[in-house]
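Working notes, structure below.
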Amino acid sequence: MTRQPVVALIGATAVGKTALSLSIAEKLNAEIISVDSRQIYRYMDVGTDKVSLSVRREIPHHMIDIIDPDEKFSVADFAEKTSQTVKRIYARKKIPLFVGGTPFYYNALFHASLNSELPSDEDVREKYEALANSQGAELLHMKLAEVDPPTAERLHKNDLRRVTRALEIWDLTGKAPSQIFEEGEKRDYGFDVLYIGLSRSREELFSRIEIRLEQEFSQGFPEEVEWLLKNGWNENFNPLKGLGYRELIDYHRKKITLDEALEGAISRTKAFCRRQQTWFKKFSPAIWFEMSELNNEQEIINTIKNHLNLNEVNK
RNA sequence: GGUGGAAUGGCCGAGUGGUCAAUGGCAACAGACUGUAAAUCUGUCGACGGGAGUCUACCAUGGUUCAAAUCCAUGUUCCACCA
């Protein structure tokens, strides 16, 4: 199978992916595919730092504004839909440029990390969640240890999310997840990625996070959340548990002040930034560029062209 | 000037004679991750050491005691109330 060479711009939140991606997309006549688990949702614009509509008219962006905050959407949905999008972009004789900070999604799309067949059922999941609520997380973990010792061993008993999901899979298939993962076929989309990693010092990243959130808070983020609440969305829907959204919901409920909300959003975003870096460290092949060094854009573009075999054409 | 209260590890804060290198939270750092992933979860967190352990620590100094973050005295700083 010949693999399709593609390029993805990765890096922690606030490193400067977006600005650079626009410039690169313009020069390469590329279309951007957002790899961002929150920009997927409509009506969440300020807090997710979406590119403006007017810019998106100039440079097409995909995987943004595709569903409402209460709709179900999984990594598998993302990977599936995205791979279709890539085909359409190529059909148009343009280049896809992946940009975003959701490592989990990259993992599914480029590293064949997902099983082809893996069922999911809301009701079954809720059954186990309810069990955990009434009987405690430990009991659930013990139950998992009975049906799938390796997975129970791997998962901490407090990690209810994963323990529940493992039991859900077992319940629906009658097989141990560990066995399915080992033997089952993986979803491979046939890409050959090169990661262009953008880096900055922690210190710099943290200060950029602060600045960005302060701006968002003064430029409509609180109002955006107020609007979402008025229209029936709340923290029961996962996307509204995101950075800043959760805090601003508390603010609108008068549980905390606006300053406290900002502070909370900042510190949670910093923690997220660290988590992203933990993932990205392991992404390969990757070439890292230090963003505080100016004028490495041409070098990045050359690297991209090289991977996509666009270089020799003009020479 | 008087009276009362408080000073704890980077920060907040619990602890009132031994089981205290000191609960908890925050921050910081490291990590896990198969359809919720901006979610969810874990570990480290006084210094030195692989560890057993050793040392230095609860404002300062002195004291009581076999033993003090905890009790006493004095001092320093801060807060509240009264003048």
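Quick note on labels: first sequence line is chain A, next is B, and so on, each numbered from 1. When reading the values below, keep in mind they use all heavy atoms of this one structure, side chains included, and skip hydrogens, waters and symmetry mates.
Note on A:Glu129: a base of the nucleic acid sits closer than 4.0 angstrom, heavy atoms only. Heavy atoms of A:Phe237 sit nowhere under 4.0 angstrom from any nucleic acid atom. Contact annotation for A:Arg125: base contact, defined as any heavy-atom pair under 4.0 Å involving a base atom. Using a 4.0 Å heavy-atom cutoff across all strands shown, A:Phe78 reaches no nucleic acid atom at all. Using a 4.0 Å heavy-atom criterion, one finds that A:Asn115 contacts the bases of the nucleic acid, with or without backbone contacts as well. Within the 4.0 angstrom heavy-atom criterion, only backbone atoms of the sugar-phosphate kind lie near A:Phe206; the bases stay farther away. Within 4.0 Å (heavy atoms only), A:Asp36 reaches at least one base atom of the nucleic acid. Residue contacts for A:Lys186: at a heavy-atom cut-off of 4.0 Å it reaches a base atom on one of the strands shown.
In this pair, A:Phe181 lays its aromatic ring flat on the base of B:rU34, centres within 5.5 Å and planes under 30 degrees apart.
The residue among A:Leu114 and A:Arg274 whose nearest nucleotide of RNA chain B lies closer to the 5′ end is A:Arg274.
B:rA32 and B:rC78 have their P atoms separated by 49 Å, given to the nearest Å.
Between A:Arg268 and the phosphate of B:rA37, there is no side-chain N or O to OP1/OP2 separation shorter than 4.0 Å. Side-chain N/O atoms of A:Arg162 include none lying less than 4.0 angstrom from OP1 or OP2 on B:rU42.
Glycosidic torsion of B:rG35 falls within 90° of 0, placing the base in syn.
The closest side-chain donor-acceptor pair between A:Gln4 and A:Tyr189, if any, does not fall under 3.5 angstrom.
Looking at heavy atoms from C-beta onward, A:Arg3 lies in side-chain contact with A:Asp188 at the 4.5 angstrom threshold.
Here B:rA30 is the nucleotide among B:rA37, B:rG35, B:rA30 with the atom lying nearest to any side-chain atom of A:Arg202. Nearest to the side chain of A:Thr102, among B:rA37, B:rU40, B:rA28, sits B:rA37.
Annotation: A:Glu204, atom CD; neighbour count of heavy atoms from other residues, nucleotides and ligands within 6.0 Å is above 12.
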